[in-house]
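Chain identifiers are assigned alphabetically (A, B, ...) following the order of the sequence lines, protein sequences preceding nucleic acid strands; residue numbering begins at 1 within each chain.
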2 protein chains.
Amino acid sequence: MEENAGSILQNGGALFLPGLSVDCVIFGFHDNQLKVLLLKMRHAEKWALPGGFIYKEEEVEHAAVRVLQSRTGLSNIFLRQFHTFGELSRTDKLLNKKLLVSSGLQADENHWFLQRFVTVGYYALVNFSGAVPRPDATSEACAWWDLQEVPPLNLDHGDILQKALETLRKQLSDQPVGYSLLPEKFTMPELQRLYETILGKQLDRRNFQRRMLGYGILKRLEERRSGGAHKAPYLYCFDTDRYQDALLNGLQQKW
Amino acid sequence: MEENAGSILQNGGALFLPGLSVDCVIFGFHDNQLKVLLLKMRHAEKWALPGGFIYKEEEVEHAAVRVLQSRTGLSNIFLRQFHTFGELSRTDKLLNKKLLVSSGLQADENHWFLQRFVTVGYYALVNFSGAVPRPDATSEACAWWDLQEVPPLNLDHGDILQKALETLRKQLSDQPVGYSLLPEKFTMPELQRLYETILGKQLDRRNFQRRMLGYGILKRLEERRSGGAHKAPYLYCFDTDRYQDALLNGLQQKW
DNA sequence: CCAAAAGTGTTGAGTCTACACCCATGC
DNA sequence: GCATGGGTGTAGACTCAACACTTTTGG
C-alpha cells in the first residue's frame, strides 16, 4: 500500500478520485492530555492533518480507515465522519507544485494534484499507547501534539480540527466516549480526566461517577489500581455490549 | 443558469468538479404534514432527491443553495450539510447512459457523467407556500410528497432522506426549527404539529407551550387566529434576533 | 498522624410530566 | 348547551448540582 511519493504523485490521476480527499483528526489521550496526531509534509512550513486520497473503486470511509491504519498502525477504531469542507480557498497550489517538482515531475497546470480539492473530514479516537505514529513517503514527521499546543496548521486544517473538536464535544452528552481512547482497564478519575480535557472544563467527581455509572456501560472490576500514593481506586472496563448499544441508540433520549 | 439538458451533459466535464455532487433534502410543512420535494428524472423509474453539480470555481455549499433556488425559487433559507455519501454502489450508470443517449450524446465509458459520484447531502427547511416546485431540464416532474408516502427512491436516496430526517430529529432538541418552515405568523398548535410530525410522536399541549416559551425565541402577537371553529388561538412570530442566537449557541447547554 | 485522593450519601433547587380547570366558538 | 379546541395552573416525580463525611494510602 505504501508507495513512494513520486509514483503516487505521478499515477494519482489514474488511481484516485479527482479533486476529493479525506482528512483525519486523530485524537489520543495521554498524561491527562488530549492529543492530536499531526503530520509535517516535506517542503511545507506548517503541520497538517493526516489525509489521503480515495481510490477509484474504494468507499470514502475506507480511505479514512486506510489513512488511520497507515499513520497509527491501528485498525478497528472509532471513526466518524463529521463534515465535508468545500471552500474555494482550500488548496495550496504553491506547496503542491513544490512537492511535484521535488519529486522530479512536471508541474503541469492540469496535473491532478494541482486541482482544487474538496475534503471529507473524519475524526478518530484511538488508544495513544497502541498507536505508533509513522510518517508517509511525502512527509518528514508524524507526531502527537498536545491540543493546547497545536501550531498554526496548513490551509484550513485549523478549522477542520476545531470543527472536529466541536462535534466531539456535542456528541459527548449523547454518545459514550473512551472505549478506544483509554486502555482496557482504567479508573474513574482517569475517565473523568478524559471528559474534562475534551470539554475543557472541571467536573464534580461524585456527580461524574454517578452519571457514568447511570449510563450502565461500565463494569467495575475487583482489582484496584495500587501503587500510586493515596487510596487505591477501583478499576473499570467497558461493557462492550452495552457500549455498542449506547453508540447506536444514544445515552439519553429526549421527547 | 438554467441550460438545456444536452449542453449541461456535454459540457459538464469542463464546467463541474468531477465525481462530486450535492443532493438536497428539502422539507416543507403543509396541512399538518411534513413534505419532501422530489424530482422525477426523465427515463428514470424512480423519484429522486433534487441534486446538482458543483462548478469548478464554486463553493460546495453554494451549489446546494443554487439547487434550492432553482427548484423552489427560494433563497436565503435554512440549509445544513449533514453527511457525505461515498459508497461505491451509488451510481446508476445505466440510467445515466440513457440520459446521455436521449440527449443525442456519445455514451463513452470515460464520459464525466458516467463516473462514480460522491455526493454531499444538505437538508433545507423551506416555507411550503412560498416555494414553487419546478423541474429542471433533465426531469419531467418536481413535486412535494408526504413524508409518509414517499415512494422508493433512486439509488441510495432513500438512505439519504432517512439520514437527513434523523439529523433533523437529533438537532431538534438543541436547535430551533420552524422559522423557515412556517408562515411568518403561526399559532402554538401549528408549531406543535410541526414538531410532532418531525418527531413522529404526540406531545403534550401544555408542556410543549411552556417549553417553547421557555426558549425565549417567540413573540406573542396581539392578534388571534379567528375563523376556525372553537376558541381563537393567539398568533406568534419568531424573535429573529433571539432565534439567530439560538441557532448559533443552541437552546440548552449541558455540562 | 497528616495530606491527598477516593468511595459513598444527602439535601435542596430546579425541571419535567401528567394532570384539571376554565374560556371561547360554531353548530 | 355542548362538543371541541385553546389558555393557564399545579402537585408529585424526577433529575441534577452542590456539598460532607469516611476510608485508604504513602510519607
When you look at A/W145 and A/L153, which way does the side-chain contact (heavy atoms from CB on, under 4.5 Å) test go after all the steps? CA-CA 12 Å; A/W145 285 74; A/L153 298 183; over 6 Å; no
Are A/Q209 and C/dT8 close enough that a side-chain N or O sits under 4.0 Å from OP1 or OP2? yes
Quick note, B/R210 side chain, CB onward, closest among D/dG7, C/dA18, D/dA17 is C/dA18
Would A/R220 and A/Y234 count as a cation-pi pair here, with the cationic atom under 6.0 angstrom from the ring centre and within 45° of the axis? yes
Rounded to whole Å, CD of A/Q202 lies from P of D/dA18 at a distance of 13 Å
Between the side chains of B/S180 and B/N127, is a donor N or O closer than 3.5 angstrom to an acceptor N or O? no
Does B/R205 or A/P189 map to a spot on DNA chain C nearer the 5' end, using the closest nucleotide for each? A/P189
I'd like to know if the side chain of A/Q33 pairs up with that of A/R193 as donor and acceptor (distance under 3.5 Å, no hydrogens or angles considered). no
Rounded distance (Å) that lies between atom P of D/dC21 and atom CG of A/D204: 16 Å
Quickly work out the A/N207 CG to C/dG9 P distance and round it to whole Å. 14 Å
Selected nucleotide, minimal atom distance to B/P233 side chain, candidates D/dG26, C/dA6, D/dG6: D/dG6
For the pair made of CD in A/Q192 and C1' in C/dA5, what is the distance, rounded to whole Å? 12 Å
Scan B/R224 against the nucleic acid and name what it touches under 4.0 Å (heavy atoms): base, sugar-phosphate only, or nothing. nothing
Starting at atom OH of A/Y215, determine the distance to atom P of D/dC16, rounded to an integer number of angstrom. 8 Å
Nearest to side-chain heavy atoms of B/A229, which nucleotide of D/dA18, D/dG5, C/dG26: C/dG26
Atom-to-atom span, CG of B/L213 to C1' of D/dG9 - whole angstrom: 14 Å
Does one side chain, of A/Q192 or A/E196, offer a donor that lies under 3.5 Å from an acceptor on the other? yes
Give A/R220 one of three labels, base, sugar-phosphate or nothing, depending on what nucleic acid heavy atoms sit under 4.0 Å from its own. sugar-phosphate
Rounded to the Å, how far apart are A/R206 CZ and D/dA20 C1'? 8 Å
Expressed as a whole number of angstroms, how long is the span from B/H230:NE2 to D/dG1:C1'? 15 Å
